[in-house]
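This report concerns only the one structure given below.
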Amino acid sequence: MDIEPFIGPSKSLSQWLGDCKENRGQGYWLIFKDLSEQENLSLETEIFPITGNTGELTDDEFIELDDRIVRSGFSNFLNLDQLEDIVDNLNIQKADYNDSELLRAVEHYFSHDAFISIDSD
């Protein structure tokens, strides 16, 4: 299975987070090129959406697509609805958060599948 038809144009993580605030409900599955051991996730990390209609794939085809994405040097990231939830949760805790706090909240959710608690962080 060729993954190219499923991968849309990249945006930086910062741009995707901006989309979460301005253009909600896109719901893309997001992936990124595997980072080197010396590289960390940043607001400039290139993130690619899966834009092809994966809903039409059989379970086996979906598993094959996911496997090919990983074998092509990509890692699964988060869905846009998850990023929206991270932004919303952070905004509830602190309306005037900065970019560093937003990145920490995304990293925390990505690593722990849980929202960050600013008070205990």
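Positions are given from 1, in the same order as the sequence printed here.
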Requested in this report: Begin with the C-alpha distance, continue with both residues' side-chain angles, and end with the deciding distance and a verdict on side chain to side chain contact (heavy atoms under 4.5 Å, CB included) for I7 and I50.
Outcome: CA-CA 5 Å; I7 299 177; I50 298 298; 4.1 Å; yes
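Between the side chain of Q93 and the backbone N or O of L90, no donor-acceptor pair lies under 3.5 Å. Side chain of E84 to main chain of D19: no donor-acceptor pair is present (N/O by atom type, distance under 3.5 Å, no hydrogens or angles). Of the possible donor and acceptor atoms, none in the side chain of W16 sits under 3.5 Å from a partner among the backbone N and O of L80. Panel note: side chain T45, backbone L41; no donor-acceptor pair is recorded below 3.5 Å. Side-chain atoms of E61 come within 3.5 Å of backbone atoms of T58 as a donor-acceptor pair (strictly under, hydrogens ignored).
Contact record, C20 with V87: CB-CG2, 4.5 Å, taken as the closest heavy-atom pair. Smallest separation of non-hydrogen atoms from L43 and S12: O-CB, 3.5 Å. In plain terms, the two heavy atoms of P9 and P49 that are nearest each other are O-CD, 3.2 Å. When all heavy atoms of K94 and I118 are compared, the closest pair comes out as CB-CD1, 3.8 Å.
The structure places CG of L103 at 12.0 Å from CZ of F110, a figure rounded to the nearest 0.5 Å. Here the straight-line distance linking atom CZ of R104 with atom OG of S111 works out to 13.0 Å at 0.5 Å rounding. Atom CG of L83 sits about 10.5 Å away from atom CD of Q26, to the nearest 0.5 Å. Note that the CD1 atom of I3 and the CD atom of E64 stand 11.0 Å from one another [nearest 0.5 Å]. Here the CG atom belonging to D60 is positioned 12.0 Å from the CG atom belonging to D67, to the nearest 0.5 angstrom. Between the CG atom in L30 and the NZ atom in K11 there is a gap of 10.0 Å [rounded to 0.5 Å].
Exactly one residue among F74, F48, F62 makes a ring pair (Phe, Tyr, Trp, His ring centres under 6.0 Å) with W29. That residue is F62. Paired with F77 under the rule ring pair (Phe, Tyr, Trp, His ring centres under 6.0 Å), one option of Y109, Y28, F32 passes, and it is F32.
Side-chain contact check for H108 versus F115: every heavy-atom pair is 4.5 Å or farther apart. In this structure, L17 and V106 have side chains that are in contact, with non-hydrogen atoms separated by less than 4.5 Å.
Note: the hydrophobic cluster containing I69 does not contain I63 (ILVMFWY, side chain heavy atoms under 4.5 Å, direct or indirect links).
N98 CG: more than 12 foreign heavy atoms inside a 6.0 Å radius.
A salt bridge links R24 to D88: one of the charged nitrogens lies within less than 4.0 Å of a carboxylate oxygen.
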